[in-house]
Amino acid sequence: EINDVKTYSLEQFVKLDVLPDRLALMYVYENDIRTKIIRNDRVLEGKTIDAIKTFRKDDVVRESRNERNKLEYWYGDYLYACGIQDIVTSSPQGQEKRRVFFINKVHYLQ
């Protein structure tokens, strides 16, 4: 069950990593990569959530454009997450706001 995603286009949203003894379901929602592990008819691990990393440590994602964010297969065991984020960074001069395109290399550890 993946009930936090609504899409109005017919495309593969959840990416699969098929292993001999289990199945990993992965997708991007808001600013997170969400994963669920299934073996046979049981959910081994509930939904895990890993935040998409930003360029600077003090960046705060204010909004992530869900309709443009996606997770895609790349090569081997690697995927990539990409999309658009609205970032706010605090500095001594005040807050810096910017909209960025991000792309992150993702490796699912089996």
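Taken to the nearest 0.5 Å, the CG atom of L79 stands 5.0 Å off from the CE atom of M26. Taking CZ of F55 as the reference point, atom CD1 of I87 lies at 11.5 Å (rounded to 0.5 Å). Here the CD1-NZ distance, from I33 to K15, works out to 12.5 Å after rounding to the nearest 0.5 Å. The structure places CZ of R62 at 10.5 Å from CG of D86, a figure rounded to the nearest 0.5 Å.
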Side chain to side chain contact (heavy atoms under 4.5 Å, CB included) assessment of V28 paired with I52: CA-CA 9 Å; V28 172; I52 294 173; 4.1 Å; yes
Candidate pair K70 and C82, rule side chain to side chain contact (heavy atoms under 4.5 Å, CB included), full reasoning: CA-CA 6 Å; K70 60 182 172 176; C82 65; 3.9 Å; yes
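Here Y75 pairs with Y78 under the ring pair (Phe, Tyr, Trp, His ring centres under 6.0 Å) rule; sequence neighbours left out. D21 pairs by the salt bridge (charged side-chain N to carboxylate O under 4.0 Å, His left out) definition with R39, not counting sequence neighbours. Scanning for side-chain hydrogen bond (donor to acceptor under 3.5 Å, both in side chains) contacts around R98 gives D59, T89, with sequence neighbours left out.
Formation of a donor-acceptor pair under 3.5 Å by the Y73 side chain with backbone atoms of Y80 is not found in this model. When atom types are taken as modelled, the side chain of D17 and the backbone of L25 share no donor-acceptor pair closer than 3.5 angstrom.
V88 and F102 sit in two unconnected hydrophobic clusters of ILVMFWY residues. Membership requires side-chain heavy atoms under 4.5 Å apart, directly or through other members.
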